[in-house]
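This report concerns only the one structure given below.
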2 protein chains.
Amino acid sequence: MSLDGFYAGRQHRGEAADWMESAEAAGFFRVTRWVIDAMAWRERQGFAGGEQNVSSDVIAETFEAAGAYVMGRRMADGGEVPWGDEPPFRAPVFVVTNRPRETLVRQGGTSFTYVTDGIASAVEQARAAAGGKDVAVAGGGSLLRQVIKAGLLDELELHIVPAVLGTGMRLLDADLDLAEKEAIELTPTRVIHTPEVTHIRYTVNGRAALVLDDRGRGTDAP
Amino acid sequence: MSLDGFYAGRQHRGEAADWMESAEAAGFFRVTRWVIDAMAWRERQGFAGGEQNVSSDVIAETFEAAGAYVMGRRMADGGEVPWGDEPPFRAPVFVVTNRPRETLVRQGGTSFTYVTDGIASAVEQARAAAGGKDVAVAGGGSLLRQVIKAGLLDELELHIVPAVLGTGMRLLDADLDLAEKEAIELTPTRVIHTPEVTHIRYTVNGRAALVLDDRGRGTDAP
């Protein structure tokens, strides 16, 4: 996400064919530029070249750790054509949607199974398919927030890109059903730092009430 | 700020006396807990104890680098009583406000000068008073964004706290006057990582147009 929390520009609501010229795409391209430059991503896409650096290692590690994916319907629709016959996942993908559809089997180990009975079911099916490996939340933002809201996210890896977009599609948006004076608490467990992106991995501890403190005045009083 | 970009909870609009019980305070206390625990901050407040750790070093370094401060009116009003006779700044503070007021001289080197002719003037006066040291933006968020919007911020040090608040006062909010497909670009120059907070220092490069790329397809074509 950008420094101000966006993973894409302002949402495109026009024709799909015009997406590439949209503000959404411009923001998305900026935030994912480090991915496109990375050898590990390019290899999965069948593209030559790219940089072999720590960010590429982070991508490779994430792909390797994932035994299955859950994905939102909008992301699955948007990716269907560009990902082509051999999508980069190489594992079963469970798409949360309201529209029933036959499982789509692609080359290289990727399949798309359309789950119509909710996020918990999709995660459960992915867990069963993952063979003991991680279930990765592929995206988009709305699906990630549903997973967080349902208390199903164990780990969050944020990739913070040094740009401020001002507006756009927000990754951690307000639809998490947090109560007044309630937060979701996490613990950072790893930070990898490059000029292009800062990777921070968090363990998700769960919801907790926000408490006041004495602002230091009384802590050491006798 | 929190992981979702807030430096305080939902803004308190009632009586000042009720602030401590507000959602704004609850969020602010969470986001600044690491500060309250740090020895360098406690020493500036005249409190005993605290932790001598890298976050405390970051605070000490920031205080020492600042030869003068600019501050928003709401922060100055809110701090006037709790900061007491010897505020923690120990340097001239220039408060951007619409209400003229005599300069307030406190003990320990802190003074509050009320600037009514805008942010650029406040920064210029602070620069002159800083004796070659940094001019620090004390806050709050609205003032920080005015400084960014005016192109006057050279460096940004973000302190990212591992909590999601869901709602509140947003540090990098939408009032930066960014055009469609325009971003403010930065370069991270230092990351310091603790379980309680991640400190990321950025150089602000300025505004730049967002450009599309070919998503890797053509880069290495012969």
Side-chain angles (χ1 to χ4, degrees), chain A residues 2-5 9-10 20-21 23 25-27 29-30 33 36-37 41-42 45 47-50 82 148 156 158 160 162-167 170-174 176-178 180-191 193-195 198 200 202 210-213 215-217 219-220, chain B residues 2-5 9-10 20-21 23 25-27 29-30 33 36-37 41-42 45 47-50 82 148 156 158 160 162-167 170-174 176-178 180-191 193-195 198 200 202 210-213 215-217 219-220:
Chain A
S2 66
L3 265 191
D4 50 348
R10 186 168 42 75
M20 197 65 81
E21 301 306 316
F29 278 33
R30 174 63 191 93
R33 186 188 300 160
I36 302 307
D37 291 341
W41 182 86
R42 300 177 68 86
Q45 291 285 351
F47 301 150
I148 293 174
L156 175 66
L158 279 185
I160 303 177
V164 175
L165 299 186
T167 184
R170 196 177 285 289
L171 191 65
L172 298 169
D173 214 340
L176 292 167
D177 277 355
L178 282 160
E180 177 107 339
K181 302 187 188 177
E182 184 186 44
I184 296 167
E185 293 284 344
L186 306 91
T187 303
T189 56
R190 188 182 75 170
V191 176
H193 164 223
T194 80
T198 306
I200 314 184
Y202 294 92
L210 291 173
V211 292
L212 298 181
D213 55 58
R215 297 285 89 184
R217 285 169 181 76
T219 315
D220 295 275
Chain B
S2 66
L3 264 191
D4 49 348
R10 186 167 42 76
M20 197 65 80
E21 301 306 315
F29 277 34
R30 174 64 192 90
R33 186 189 300 161
I36 303 306
D37 291 341
W41 182 86
R42 300 177 68 85
Q45 291 285 350
F47 300 150
I148 293 174
L156 175 67
L158 278 184
I160 303 177
V164 175
L165 300 186
T167 185
R170 196 177 286 289
L171 191 66
L172 298 168
D173 214 340
L176 292 165
D177 276 354
L178 281 160
E180 176 106 340
K181 303 186 187 179
E182 184 187 44
I184 296 167
E185 294 285 343
L186 306 92
T187 302
T189 57
R190 187 182 77 170
V191 176
H193 165 224
T194 81
T198 306
I200 314 184
Y202 294 91
L210 291 172
V211 292
L212 297 181
D213 56 60
R215 298 284 88 184
R217 282 168 183 77
T219 314
D220 295 274

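Computed from a predicted structure; not experimentally measured. Below, read A as the first sequence line, B as the second, and so on, with proteins coming before strands; counting in each chain starts at 1.
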field: Side chain / backbone / both / neither for Ile148(A) at chain B, heavy atoms under 4.5 Å
entry: neither
- prompt: Which bit of Ile200(A) is near chain B, if near means a heavy-atom gap under 4.5 Å: side chain, backbone, both or neither?
  reply: side chain
- prompt: Under a 4.5 Å heavy-atom cut-off, does chain B meet the side chain of Glu185(A), its backbone, both or neither?
  reply: both
query: Ile184(A) versus chain B, heavy atoms under 4.5 Å apart: side chain, backbone, both or neither?
result: both
- prompt: chain B heavy atoms under 4.5 Å from Gln45(A): which part of the residue, side chain, backbone, both or neither?
  reply: neither
- line: The interface call for Arg10(A) against chain B, heavy-atom contacts under 4.5 Å, is side chain
CG-CG distance between Leu171(B) and Leu158(B), expressed to the nearest 0.5 angstrom: 6.5 Å
query: Going by heavy atoms in the side chains, are Leu3(B) and Ile160(B) under 4.5 Å from each other?
result: yes
- line: Most contact-rich option vs chain A, by heavy-atom pairs under 4.5 angstrom, among Leu212(B), Leu172(B), Leu156(B), is Leu212(B)
- request: Could you tell me which residues satisfy ring pair (Phe, Tyr, Trp, His ring centres under 6.0 Å) with Phe47(A), sequence neighbours excluded, listed by chain and number?
  value: Trp41(A)
- request: Using non-hydrogen atoms and a 4.5 Å limit, figure out which bit of Leu186(A) sits close to chain B: side chain, backbone, both or neither.
  value: both
message: Using the side chain to side chain contact (heavy atoms under 4.5 Å, CB included) criterion, which residues pair with Thr187(A)? Sequence neighbours excluded.
response: Asn205(A)
message: Under 4.5 Å from any heavy atom of chain B, what part of Thr167(A) do you find: side chain, backbone, both or neither?
response: neither
- prompt: Heavy-atom distance under 4.5 Å to chain B: side chain of Ser2(A), backbone, both or neither?
  reply: neither
message: For Leu176(A), which atoms come within 4.5 Å of any heavy atom of chain B: side chain, backbone, both, or neither?
response: side chain
